[in-house]
Amino acid sequence: MSQTETVAPTELPRWDLSDLYSGTSDPKIDEDLNGLRESAEKFQADYKGRIAAGVCTPAELKEALDRFESMMNQATKVGSYASLHYSTKTTDPARGALLQKVREKSSEVSTKVLFFDLELGHVEEKKFQQYLKSEELAPYKHYLTVQRESSKYNLSQEEETILEETANCRGRAFRRLFTETVSRLKFSLEVDGEVKSLTQSELLAYNYHPDREMRKKASLSLGEVLEQNTPTLTFILNTLLAEKQVMDRLRGFERPESSRHLDNELPEAAVDTMVEVCVKNFSIVEDYYKLKSKLLGIDELTHYDRYAPLKKSEESIAYERACSIVLEAYNAFSPKMHELAKPFFEKGWIDVPVDEGKRGGAFCAGVSPDHHPYILLNYTEKPRDVMTLAHELGHGLHDRLAAKNHVLDYHPVLPLAETASTFGEMLTFEKLFAELDNDEERLALLCEKLEDTFATVFRQVSMFRFERRIHKARREEGELPTERFNDLWQECMGEMFGESLKLGDAHKWTWAYIPHIIQTPFYVYAYAFGELLVLSLYARYKEQGEAFIDQYIEFLAAGGSKAPQDLLAKLDIDVTDSDFWQGGCDLIRENLKRAIDLAEKLD
Ligand SMILES: [Zn+2]
């Protein structure tokens with residue numbers, strides 16, 4: 001790592017979406033949307049009523065699925081373009097309008113084809129079993145099985161149609177309002193005597209600032225701005241909680257998180273077991289922050305000390321250097337992965353700089369098997385940005401490996417979706433760690449890694465518990481005041497630190513900008529699931545070397561073609577076994593031990 005000049009945002013690479021469309025007014029967009037509508041109308045005319053009646057031969061049903069899949073590919077292409085283009089300038093009305101138009105047109109298409117999945121649920125059991133056993137339908141067996149399971153929670157076709165047609169003015173609209181509200185927020189912070197106006201990404205980077213006073217000021221600024229916006233943000237959250245309560249009741253989901261488990265194709269027992277094991281291991285976090293308190297020489301740690309760096313100087317890693325670190329790490333693991341990674345950098349598949357109106361954070365959008373993925377970053381030159389690049393690239397590689405599956409089986413379900421990303425971070429971490437030549441640097445990097453692991457495992461489990469509690473509270477107490485959200489947030493996030501760290505008052509507002517809670521309820525446990533899984537996989541890689549690599553790549557290439565339990569069974573993993581999860585936690589404890597030993601050596 002070297003001290004480098006700050007690269008002006010304009011010089012960092014932007015992604016090139018022109019292989020999708022040329023801009024908001026590209027006439028191809030309307031052509032494709034119209035073509036999609038026509039295909040959907042034809043599909044409806046050909047199959048409506050016939051699927052449920054079970055009159056299709058397996059070959060006919062296969063043809064229907066092929067056509068359905070091809071519409072999905074087309075819809076994903078135009079939908080991805082609209083949302084990717086929007087994400088780099090959410091404040092541009094033309095991009096917002098395009099996104100809304102595409103969503104409305106896609107809803108129109110969805111309402112025309114939604115009979116298909118619903119009717120699959122109504123096929124007589126005997127006939128359905130015949131379909132599952134037929135050779136023609138073998139490529140769609142997983143999709144058919146999943147649809148059959150979900151169909152238990154479907155409403156009538158008329159009801160589903162109304163829900164889809166109104167979706168953009170219900171939950172989806174509130175989620176968009178959240179994105180726009182949070183993207184517009186500006187945070188003022190005094191830096192070197194000058195008051196600056198910062199975006200959220202820029203402000204959050206101060207969590208890692210070596211000067212405690214700066215971290216404190218940034219945390220106060222965050223709290224203040226969020227507090228001013230809580231009337232809107234609280235209203236959005238309450239509305240979404242209420243909508244979910246209604247939908248769960250109508251569809252017959254027992255617990256607020258049940259629908260997520262269904263989407264994740266995971267048994268409830270696996271998630272409950274993982275969460276319980278993590279809560280039992282909160283003491284790892286507590287013991288770590290006791291060590292950190294000593295290392296920093298601060299008696300009472302608070303929330304803005306969580307990510308305080310151990311070294312005084314702030315290191316910058318230029319984007320180019322980050323790219324070569326990450327690429328080398330992947331190359332050392334497998335040249336095949338390296339080959340798959342190169343085009344991301346050479347062909348403009350990554351949007352790198354922080355920019356006004358650009359969505360915060362980072363993501364990888366997989367689009368479809370016949371198109372490559374795109375990555376969005378907000379690169380601020382911090383070492384953790386290197387990890388984020390490795391993370392998102394992992395997603396991209398997973399997508400590329402899985403591209404031989406049809407679109408209905410392309411994306412792995414969420415809990416496995418974080419496997420390749422987290423594994424990529426692990427490879428990058430070990431590369432950085434091995435390159436260092438003194439214990440002080442090693443300790444600092446190890447602590448960073450532990451903090452990242454906590455953020456991925458224990459923090460997500462805490463957020464999951466927060467979500468459980470707010471859904472429960474909304475169901476039992478009605479519309480909740482901001483203070484109630486604040487209290488539950490402090491309670492859930494505080495529990496994992498035990499006696500080692502006291503969350504300050506400004507922290508209580510920080511539930512309000514977490515997108516997952518709003519956008520995808522109960523998404524967060526997938527991060528913990530993925531990280532603990534990867535810790536075990538990584539241990540196997542160290543143990544088995546070459547033999548593991550092929551197995552692992554094969555596992556990724558399977559995409560979402562099987563349920564997680566089935567895919568993992570091939571690797572001899574049982575996700576309902578608490579020992580398996582404890583094994584992952586033990587590896588985190590080992591890293592903590594490594595850090596404690598290094599600290600003693602340096603003392
Ligand atoms: Zn991820």
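For ligands, and for the atoms within them, numbers begin at 1 and follow the listed sequence.
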Query - Identity of the N, O or S atom of His395 lying closest to the Zn ion (ligand 1) - result: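 Going through the N, O and S atoms of His395 one by one, NE2 ends up nearest to the Zn ion (ligand 1).
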
Report task. Classify the ring geometry between Tyr206 and His209 as parallel (under 30°), tilted (30 to 60°) or perpendicular (over 60°). Result ->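 Rings of Tyr206 and His209: parallel, under 30°.
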
Query raised in the report: Quick check: does His391 have an N/O/S atom under 2.8 Å of the Zn ion (ligand 1)?
Result: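 Under 2.8 Å: His391 contacts the Zn ion (ligand 1) through an N, O or S atom.
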
Query raised in the report: Mind checking whether the Zn ion (ligand 1) has an N, O or S of Glu418 under 2.8 Å?
Result: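 Yes - counting backbone and side chain alike, Glu418 has an N, O or S atom under 2.8 Å.
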
Report task. Please identify each residue that fulfils side-chain hydrogen bond (donor to acceptor under 3.5 Å, both in side chains) with Arg594, with sequence neighbours left out. Result ->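 In terms of side-chain hydrogen bond (donor to acceptor under 3.5 Å, both in side chains), with neighbours along the sequence ignored, Arg594 is linked to Asn591.
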
Query raised in the report: Sequence neighbours excluded, which residues qualify as ring pair (Phe, Tyr, Trp, His ring centres under 6.0 Å) partners of Tyr304?
Result: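 Once residues adjacent in sequence are excluded, Tyr304 has no partner under the ring pair (Phe, Tyr, Trp, His ring centres under 6.0 Å) criterion.
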
**Report entry** Face-on cation placement of Lys449 at Phe429 ring, 6.0 Å and 45° thresholds
**Finding:**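 Yes, Lys449 sits over the ring of Phe429.
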
